[in-house]
Amino acid sequence: MTSIVVYLLQLMANIIAIVGGTGPEGKGLATRWARAGETVIVGSRDAERAAIVAREIGAATGAGDRVTGMENAAAVAAADVVVLTVPFAGQAAILKALKSAFKPGTIVIDTTVPLAATIGGRPTRVLGVWQGSAAQQTAELVPKGVAVVAALQNLSAESLSEDGPVDCDVIVSSDDERAKQVASELAEKIPGVRAINGGPLESARIVEQITALLIQVNIKYKIHHSGLRITGLPR
Ligand SMILES: NC(=O)c1ccc[n+]([C@@H]2O[C@H](COP(=O)([O-])OP(=O)(O)OC[C@H]3O[C@@H](n4cnc5c(N)ncnc54)[C@H](OP(=O)(O)O)[C@@H]3O)[C@@H](O)[C@H]2O)c1
């Protein structure tokens, strides 16, 4: 009986693909979710690189075969939830390349921050994005039927790479309530994280800029993982 329940729960669980999952942010998220019992596909432009990182995460977390590596398009095609962790400079091109791989109903969680550093500028500055934010650009580029939610932009890779709880809230913004709920639940699988409803997707413009501020704070205080907490919420 128990095994049937586990099987049914697995059927209901989301498969998470992380596009750009070989970088510090994607690898950190994959590691945290693998530890929390999720099924994760590490995506990369190179299948072999993805497989190496997936094996590392599987071994480090005890998740074993629940973490696999694939070329980005195969990862997206196999997933219910796609997490985008590529630099802003490559965001539009990779989304165009992956467009035909998305299944209808897929949820895309966009973590991208359009830091000026992505084109050789300062990491404490954010580029102007015509659509308003990197996440809104993503919404313009994914196929119809795919929902975009902006989240996790303020969680540093450094804090994700550590074992302990993360001291940061995650502001979740989307025009799609189901996407917001799924992203909030996944964010809260990371110990220490509290998901905050950030309203519509356009709020991503503000949230992305906060990352540049956190980087400034990191530089000033010579630290690597300043975070954000919202106060005054009902308990
Ligand atoms: N690092 C942080 O602390 C942090 C915090 C919050 C949000 N973020 C956001 O998360 C994203 C990833 O950050 P990161 O530091 O992990 O970045 P990264 O190391 O520069 O890139 C992550 C991965 O993206 C892939 N990639 C690189 N250039 C690409 C391109 N032109 N097209 C397609 N894929 C490309 C690479 O994987 P393959 O070569 O294997 O394909 C790389 O390992 C960024 O948008 C960043 O703003 C980062």
Ignoring hydrogens, what is the shortest heavy-atom contact between Asp163 and Arg32? Give both atom names and the distance.
O-NH1, 3.6 Å
I need the Glu185 CD to Asn14 CG distance, nearest 0.5 Å.
8.5 Å
Rounded distance [0.5 Å steps], CG in Leu228 versus CD in Gln153
10.5 Å
For the student: nearest non-hydrogen atoms of Gly199 and Ser203, plus distance
C-OG, 4.3 Å
Applying a strict under-4.5 Å side-chain criterion to I, L, V, M, F, W and Y, I'd like to know whether Leu115 and Val207 cluster together.
no
Do any N or O atoms from the side chain of Arg125 and from the backbone of Ala212 form a donor-acceptor pair under 3.5 angstrom?
no
Shared hydrophobic cluster, Val166 / Val170 (ILVMFWY, side-chain heavy atoms < 4.5 Å)
yes
I'd like to know whether Arg45 forms a side chain to side chain contact (heavy atoms under 4.5 Å, CB included) with Asn72, so could you lay out the CA-CA distance, the side-chain angles of the two residues, the decisive distance to 0.1 Å, and finally the verdict.
CA-CA 6 Å; Arg45 290 168 294 179; Asn72 284 323; 3.8 Å; yes
Glu208 side chain near Pro114 side chain, heavy-atom distance below 4.5 Å
yes
Can you name the nearest heavy-atom pair linking Val126 to Gln209, along with the distance?
CG2-CA, 3.9 Å
Here the pair of heavy atoms bringing Ala195 nearest to Val172 is CB-CG2, 4.2 Å
Can you tell me how far apart CD1 (Ile196) and OG (Ser184) are? Round to the nearest 0.5 Å.
9.0 Å
Asp110 side chain to Ala150 main-chain N or O, any donor-acceptor pair under 3.5 Å?
no
Those residues that, when tested against Glu71, pass side chain to side chain donor-acceptor pair (under 3.5 Å) (two or more places apart):
none
Apply side chain to side chain contact (heavy atoms under 4.5 Å, CB included) to Arg194 and Arg229, showing your working.
CA-CA 9 Å; Arg194 189 179 51 160; Arg229 288 292 191 199; 4.3 Å; yes
Are Phe88 and Ile119 connected in a single hydrophobic cluster, I mean Ile/Leu/Val/Met/Phe/Trp/Tyr linked by side-chain heavy atoms less than 4.5 Å apart?
yes
Going through the distances and angles, do Leu155 and Ile190 end up as a side chain to side chain contact (heavy atoms under 4.5 Å, CB included)?
CA-CA 10 Å; Leu155 274 193; Ile190 301 168; 4.0 Å; yes
Crowded around Lys189 NZ? As in, over 12 foreign heavy atoms under 6.0 Å?
no
Rest of the hydrophobic cluster containing Val142 (Ile/Leu/Val/Met/Phe/Trp/Tyr, side-chain heavy atoms under 4.5 Å)?
Val19, Val76, Val82, Leu84, Val86, Ile94, Leu95, Leu98, Phe102, Val108, Leu141, Val146, Val148, Leu201
Are Ile41 and Leu29 linked, directly or through intermediate hydrophobic residues, by side-chain heavy-atom contacts shorter than 4.5 Å (ILVMFWY only)?
no
For the hydrophobic clusters of this structure (ILVMFWY residues joined by side-chain heavy atoms under 4.5 Å, transitively), does one cluster hold both Val113 and Val129?
no
So which atom in Gly43 and which in Ala50 form the shortest heavy-atom distance, rounded to 0.1 Å?
C-CB, 4.4 Å
When rounded to the nearest 0.5 Å, the distance separating CD1 of Ile206 from CG of Leu213 is 13.0 Å
Contact between Lys103 and Asp80 at the side-chain level, heavy atoms closer than 4.5 Å - yes or no?
yes
With distance as the sole test, does Thr31 use its side chain to make a donor-acceptor pair with the main-chain N or O of Ile57 at under 3.5 Å?
no
Closest approach of Thr112 to Gln91 (non-hydrogen atoms, all atoms of both residues)
OG1-NE2, 3.5 Å
Side chain proximity check, Ile230 to Ile171, heavy atoms < 4.5 angstrom
yes
For the side chain of Thr124 and the backbone of Gln216, is there at least one donor-acceptor N/O pair under 3.5 Å apart?
no
Measure from the side-chain N and O atoms of Ser174 to the backbone N and O of Lys180, and report whether any donor-acceptor pair falls under 3.5 Å.
no
Kindly indicate whether the side chain of Ile109, heavy atoms from C-beta on, has any atom under 4.5 Å from the side chain of Val149.
yes
Let me confirm one number: the CG-SG distance from Leu214 to Cys168, rounded to the nearest 0.5 Å.
6.5 Å
Between the OG1 atom in Thr22 and the CZ atom in Arg49, the distance rounded to the nearest 0.5 Å is 5.5 Å
Side chains of Glu25 and Leu160: does their closest heavy-atom pair fall under 4.5 Å?
yes
Would Gln136 and Glu140 count as a side-chain hydrogen bond (donor to acceptor under 3.5 Å, both in side chains) if you check the C-alpha gap in whole Å, the side-chain angles of each, and the deciding distance to 0.1 Å?
CA-CA 6 Å; Gln136 287 166 287; Glu140 202 173 273; over 6 Å; no
